[in-house]
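The structure appears right after this line, and notes come after that.
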Number of protein chains: 2
Amino acid sequence: MKSPSQPRDRGIPEATVARLPLYLRALHGMAERGIATVSSEDLAVAAGVNSAKLRKDLSHLGSYGTRGVGYDVEYLVYQISRELGLTQDWAVAIVGVGNLGRALANYGGFVSRGFRVAALVDADPEVVGDTIAGLNVEHIDELEAVIKRRGVSIVVLATPAEAAQEVCERVISVGVTSILNFAPVVLSVPDGVDVRKVDLSIELQILAFHEQRKAGGPLMAVDSQ
Amino acid sequence: MKSPSQPRDRGIPEATVARLPLYLRALHGMAERGIATVSSEDLAVAAGVNSAKLRKDLSHLGSYGTRGVGYDVEYLVYQISRELGLTQDWAVAIVGVGNLGRALANYGGFVSRGFRVAALVDADPEVVGDTIAGLNVEHIDELEAVIKRRGVSIVVLATPAEAAQEVCERVISVGVTSILNFAPVVLSVPDGVDVRKVDLSIELQILAFHEQRKAGGPLMAVDSQ
DNA sequence: ATCCCTTTGTGAACCGGTGCACAAAGTCAC
DNA sequence: GTGACTTTGTGCACCGGTTCACAAAGGGAT
Ligand SMILES: NC(=O)c1ccc[n+]([C@@H]2O[C@H](COP(=O)([O-])OP(=O)(O)OC[C@H]3O[C@@H](n4cnc5c(N)ncnc54)[C@H](O)[C@@H]3O)[C@@H](O)[C@H]2O)c1
Ligand SMILES: NC(=O)c1ccc[n+]([C@@H]2O[C@H](COP(=O)([O-])OP(=O)(O)OC[C@H]3O[C@@H](n4cnc5c(N)ncnc54)[C@H](O)[C@@H]3O)[C@@H](O)[C@H]2O)c1
């Protein structure tokens, strides 16, 4: 009914999108080790998922496997990269160059796959003008100008919580629609803007919850009433 | 049929657990601003969720609201904290004190709610012995001893990817069952061990995917075949 | 060319989670 | 105490995602 190897249905489930980078990483590792072909079973193990799920995920991109054989590693790397938009490079700006912003700026794995730190911006006059990871830190007053000048399309927010919403609004005002937020606040943004948040404190609290369950066992401490 | 204000059913949905920290943060903000009572609607807005979902989430902990009035802020803070296990304090070790490990060690918000950085461990002799955020960096050879001595129950992995699996196994061997992993690898762990991962690169790739969709619009580039 | 073996791609059942919508429960004013 | 009003707690329908299990497809040996 449908010709093989089609780009397919433009509706990839969100859960699938979130796993594609995992497959890509596993595939890169395999390519480095000279593996040419991989079965869904092996790739699934490497990525830490169920093989049926992996096959269904890949089937959303097209029919890129060969029955009885598996998937061609190089080809699949290319297809997933293209689907994720990693064949182009993305200019990223980091706003807030403190502890965290610095770590991110110095992080090499950042650049590795299509992402390029194109600007660092901070409000502190002590920090503005410094060179970090070969990049000049620019003043927050220049925020909009810098974003436009450098063609930034993804902004990483590493400012204190209080500043995050304002910075967020300002970058949106110059057309940014993709934000990665490290500040512990709920950002309010218009439709069409994607915000992903990374929240260390929440992760720890989730771990603590399970840890408590394991430790406390079936019956908890005496304060249960 | 059931008495009011019971600790309830010991099976809280994972999705609910993941949101409790969000509610807690919003509630802390309200408590600071002197708000004594809050409706599910207001709290839901502050936490960025739907109010029905919030009420259902809270109902898993017990019947802590008052119909016609709302929830008592202080009381709810206490109940959620207790449920998450934040009434005790948790000793956290950070293994790998590079760019990221340092940023985490220096991060204040870490300590704020029940979490205490109790140990820093690294393999690099240049780093071992340094004092960071008032803590001495210890040698990786001492890993197991340090974890036992300090009563560490949560380990944060900020080593290079290559070292992560090994460190992981070692901390598990001395009883750690909660790990927060920043290294871009799939850790393989026995049942009963919780691993949560924070993966910046995946977050960026997900943003890039959506950014590409927005930019490319309905019909994509010419290479679509 | 045929048969056997492997592995994909997917139909269908299942499962956890979401959100609507409303009855039950409680407050407050009088 | 009564009635009007507010807000909770939840039954229920729905939805996206997961997993099982298998027919269809392809490769390779003979
Ligand atoms: N460091 C961590 O490990 C960590 C972990 C989780 C979350 N966070 C969050 O990440 C954010 C940054 O953390 P950090 O430890 O780097 O803090 P930090 O205080 O070290 O750095 C914040 C930086 O933002 C700059 N800044 C302040 N206001 C600004 C503005 N309006 N515009 C631009 N820059 C501004 C400051 O000058 C400073 O350099 C915080 O919201 C924090 O809660 C940090
Ligand atoms: N820096 C970031 O922004 C960032 C972002 C995302 C992910 N990561 C990941 O986090 C991890 C740490 O990143 P980083 O930038 O801090 O790297 P880094 O190289 O600055 O730090 C790694 C540290 O781990 C130590 N180490 C190496 N082997 C070790 C071992 N066996 N036991 C204990 N310590 C050991 C090193 O001595 C070094 O101090 C990496 O896996 C990286 O991919 C970092």
Side-chain angles (χ1 to χ4, degrees), chain A residues 1-20 22-23 27 30 35-73 75-76 79-80 83 206 210, chain B residues 1-20 22-23 27 30 35-73 75-76 79-80 83 206 210:
Chain A
M1 190 51 72
K2 68 177 191 309
S3 62
S5 294
Q6 276 221 340
R8 298 291 292 280
D9 181 12
R10 241 77 273 269
I12 297 182
E14 199 49 40
T16 295
V17 173
R19 281 187 297 267
L20 291 179
L22 231 49
Y23 304 153
L27 286 165
M30 289 171 172
I35 297 171
T37 273
V38 67
S39 70
S40 64
E41 183 56 36
D42 291 354
L43 182 53
V45 169
V49 305
N50 173 303
S51 73
K53 180 151 54 179
L54 179 126
R55 288 197 298 280
K56 186 152 286 183
D57 282 343
L58 295 184
S59 80
H60 287 113
L61 320 190
S63 249
Y64 297 143
T66 308
R67 293 170 190 234
V69 176
Y71 300 88
D72 182 275
V73 173
Y75 186 58
L76 199 50
Q79 290 300 343
I80 296 179
E83 196 63 54
I206 296 171
H210 293 295
Chain B
M1 190 53 71
K2 66 176 195 311
S3 62
S5 296
Q6 275 220 338
R8 298 292 290 281
D9 182 14
R10 240 74 280 262
I12 297 182
E14 199 50 39
T16 296
V17 173
R19 282 187 296 266
L20 290 179
L22 232 50
Y23 304 154
L27 286 165
M30 289 170 173
I35 298 172
T37 274
V38 67
S39 71
S40 63
E41 184 55 39
D42 291 353
L43 182 52
V45 168
V49 304
N50 172 305
S51 72
K53 180 151 54 179
L54 178 127
R55 287 197 299 277
K56 188 155 287 185
D57 283 341
L58 295 184
S59 79
H60 287 113
L61 320 188
S63 249
Y64 297 144
T66 306
R67 292 170 192 235
V69 176
Y71 300 88
D72 181 275
V73 173
Y75 186 59
L76 198 51
Q79 291 299 343
I80 296 179
E83 198 62 54
I206 296 172
H210 292 295

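Chain letters run A, B, ... following the sequence lines, proteins first and then strands; every chain starts at 1.
Heavy atoms of A:A15 sit under 4.0 angstrom from primed sugar atoms or phosphate atoms, though from no base atom.
The nearest whole Å value for the distance from the NE2 atom in A:H60 to the P atom in D:dG16 is 12 Å. Remark: C1' of C:dG16 and CZ of B:R19 are 11 Å apart, rounded to the nearest angstrom. Atom CD in B:E14 sits about 18 Å away from atom P in D:dG17, given to the nearest Å. For the pair A:Y64 OH and C:dT10 P, the interatomic distance rounds to 13 Å; values are reported in whole Å. Distance CG (B:L61) to P (D:dG9): 10 Å, rounded to an integer number of Å. For B:K53 and D:dG16, the NZ to P distance is 14 Å, given to the nearest whole Å. The interatomic distance linking B:L58 (CG) with C:dG17 (P) rounds to 16 Å, in whole Å. Whole-Å rounding puts the B:L54 CG to D:dT8 P distance at 9 Å.
Taken from OG1 in B:T16 to CG in B:L54, the straight-line distance is 10.0 Å, to the nearest 0.5 Å. Here OH of A:Y75 is found 10.0 Å from OG1 of A:T66. Values are rounded to the nearest 0.5 Å. One distance of note links CZ of A:R19 with NZ of A:K56; it measures 11.0 Å at 0.5 Å rounding. One finds the OG atom of A:S40 at 11.5 Å from the CG atom of A:D57 (value rounded to the nearest 0.5 Å). Note that the CD1 atom of B:I12 and the NE2 atom of A:H210 stand 10.0 Å from one another [nearest 0.5 Å]. B:I206 contributes atom CD1, which lies 6.5 Å from atom CD of A:E14 (distance to the nearest 0.5 angstrom).
Closest approach to the B:R55 side chain among C:dG19, C:dG17, D:dG9 is made by D:dG9 (side chain taken as heavy atoms from C-beta onward). If you check D:dG17, C:dG17, C:dG9 against the side chain of A:S63, the one that comes closest is C:dG9. Proximity note for A:N50 (side chain, C-beta onward) versus C:dC22, D:dC20, C:dG17: the nearest is D:dC20.
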Apply side chain to side chain contact (heavy atoms under 4.5 Å, CB included) to the pair B:L61 and B:L20, showing each step before the final yes or no.
CA-CA 10 Å; B:L61 320 188; B:L20 290 179; 4.1 Å; yes
Derivation of the side chain to side chain contact (heavy atoms under 4.5 Å, CB included) call for A:E83 and A:H60
CA-CA 10 Å; A:E83 196 63 54; A:H60 287 113; over 6 Å; no
Worked verdict on A:Y64 versus A:L58 for side chain to side chain contact (heavy atoms under 4.5 Å, CB included)
CA-CA 8 Å; A:Y64 297 143; A:L58 295 184; over 6 Å; no
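At a cut-off of 3.5 angstrom, counting only N and O atoms as typed in the model, there is no donor on one side facing an acceptor on the other between the side-chain of B:K56 and the base of C:dT18.
A:A44 approaches A:S51 most closely through the heavy-atom pair CB-CA, 3.5 Å. Nearest heavy-atom pair, B:V73 versus B:L27, reported as atom, atom and distance to 0.1 Å: CG1-O, 3.6 Å. Residues B:Y23 and B:L43 approach most closely at O-CD1, 4.2 Å, considering heavy atoms.
Comparing the helix axis at one end of the helix from C:dA1-D:dT30 to C:dC30-D:dG1 with that at the other, each defined from 5 consecutive pairs, gives an inter-axis angle of 10° (nearest 10°).
Contacts between residues 38-49 of chain A and DNA chain D, defined by a heavy-atom separation below 4.0 Å, involve no residue at all. Residues from residues 65-73 of chain B placing a heavy atom under 4.0 Å of any atom in DNA chain C, listed by number, are B:T66, B:R67, B:V69.
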